[in-house]
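Below: one structure, written as structure tokens.
In this chain, residues are counted from 1 in sequence order. Keep in mind the model is a prediction, meaning the values are calculated, not measured.
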Amino acid sequence: QVQLVESGGGLVQPGGSLKLSCAASGRMFSVSAMGWFRQVLGREREFVAAVSWNGAVKTYADSVKDRFTISRNNGQHTLYLQMNNLQPEDTAVYFCGLPRAGTSTRNADNYDYWGQGTQVTVSS
């Protein structure tokens with residue numbers, strides 16, 4: 001079983017930065033790809049970024065490429081999302097998730113485990 005707990009969200013002005021963390025329990029974290037998604041009320045969960053089990057391969061949504069960086073520390077069972085130059089359209093609840101092995105990390109339907117989410121609000 002895997003438990004995921006996000007933290008680090010908050011209110012930030014446009015152009016600001018935040019770093020999200022996702023603490024994982026269970027043995028699966030270190031051998032699994034991981035992903036970040038975000039969701040606005042009334043909309044589908046949107047892919048943000050994903051990373052391979054060893055951190056070697058990273059993928060990003062076009063909307064966040066060059067602004068967000070995904071990383072992980074397997075020794076500490078923690079996933080990160082560094083978000084720079086935040087804009088109002090980045091406002092959402094951000095979730096970390098663990099997908100089923102061998103599936104696309106860009107599709108939320110392929111994820112078996114999710115955290116509870118952390119709110120990010122970008123506003124002046």
Partners passing side chain to side chain contact (heavy atoms under 4.5 Å, CB included) against R67 (at least two apart in sequence or in another chain)
V64, N85, Q87, D90

Smallest separation among heavy atoms of T118 and G9, with atom names
OG1-N, 3.1 Å

Heavy-atom side-chain proximity of S63 to E46 below 4.5 angstrom
yes

Can you list every pair that meets ring pair (Phe, Tyr, Trp, His ring centres under 6.0 Å) and has a residue in residues 98-124, with sequence neighbours left out?
F37-Y111, F37-W114, Y111-W114

Looking only at atom types and distance, does a side-chain atom of S25 sit under 3.5 Å from a main-chain N or O of Q3, one as donor and one as acceptor?
yes

Does V51 share a hydrophobic cluster with W36, counting links as ILVMFWY side-chain heavy atoms below 4.5 Å and allowing steps through other members?
yes

Beyond-backbone contact of P88 with S123, side-chain heavy atoms, under 4.5 angstrom
no

Do Q13 and V122 pass the side chain to side chain contact (heavy atoms under 4.5 Å, CB included) test, and can you show the C-alpha distance, the side-chain angles, and the key distance before you say yes or no?
CA-CA 5 Å; Q13 292 186 342; V122 185; over 6 Å; no

Nearest heavy-atom pair of L98 and M28: which atoms, and what distance?
CD2-CE, 3.7 Å

Scan residues 58-85 for pairs that pass ring pair (Phe, Tyr, Trp, His ring centres under 6.0 Å), counting only residues two or more places apart or in two chains.
F29-H77

Any side-chain heavy atom of Q116 sitting closer than 4.5 Å to one from V5?
yes

Which residues satisfy the side-chain hydrogen bond (donor to acceptor under 3.5 Å, both in side chains) test with T121, sequence neighbours excluded?
Q119

Test of understanding: clusters of I, L, V, M, F, W, Y form through side-chain heavy atoms closer than 4.5 Å, transitively. Do L18 and F95 belong to the same one?
no

Taking all atoms of both residues into account, what is the closest heavy-atom pair of S17 and N84, and its distance?
OG-OD1, 3.0 Å

Following the transitive rule for hydrophobic clusters with a side-chain heavy-atom cut-off under 4.5 Å over Ile, Leu, Val, Met, Phe, Trp and Tyr, establish whether I70 and L86 coincide in one cluster.
yes

Is there a side-chain contact between V120 and T91 in this structure, where contact means two heavy atoms from C-beta onward sitting under 4.5 Å apart?
no

Please say whether more than 12 non-hydrogen atoms of neighbouring residues, nucleotides or ligands are located less than 6.0 Å from CD in E89.
yes

Salt bridge (charged side-chain N to carboxylate O under 4.0 Å, His left out) contacts touching residues 93-102 (sequence neighbours left out)
R100-D112

Residues A92 and R38: closest non-hydrogen pair is CB-CB, 3.8 Å

Could you give me the CA-CA distance, side-chain angles and deciding distance for R72 and T78, then say whether side chain to side chain contact (heavy atoms under 4.5 Å, CB included) is met?
CA-CA 6 Å; R72 65 190 299 163; T78 304; over 6 Å; no

Sequence neighbours left out, what pairs pass disulfide bond (SG atoms under 2.5 Å apart) with at least one residue falling in residues 46-124?
C22-C96

Compare every heavy atom of A33 with every heavy atom of P99, then report the nearest pair and how far apart it is.
CD-O, 3.0 Å

Cluster overlap Y94 with V12, hydrophobic side-chain contacts below 4.5 Å:
yes

Exercise: identify the closest heavy-atom pair between L81 and A49:
CD1-CB, 4.3 Å

Same apolar cluster: V2 and L79, side chain cutoff 4.5 Å:
yes

Side chain to side chain contact (heavy atoms under 4.5 Å, CB included), that's the test. Do M34 and L4 meet it? Break it down for me.
CA-CA 11 Å; M34 293 291 296; L4 303 172; 4.0 Å; yes

Donor-acceptor contact present, side-chain N110 to main-chain S104, <3.5 Å
yes

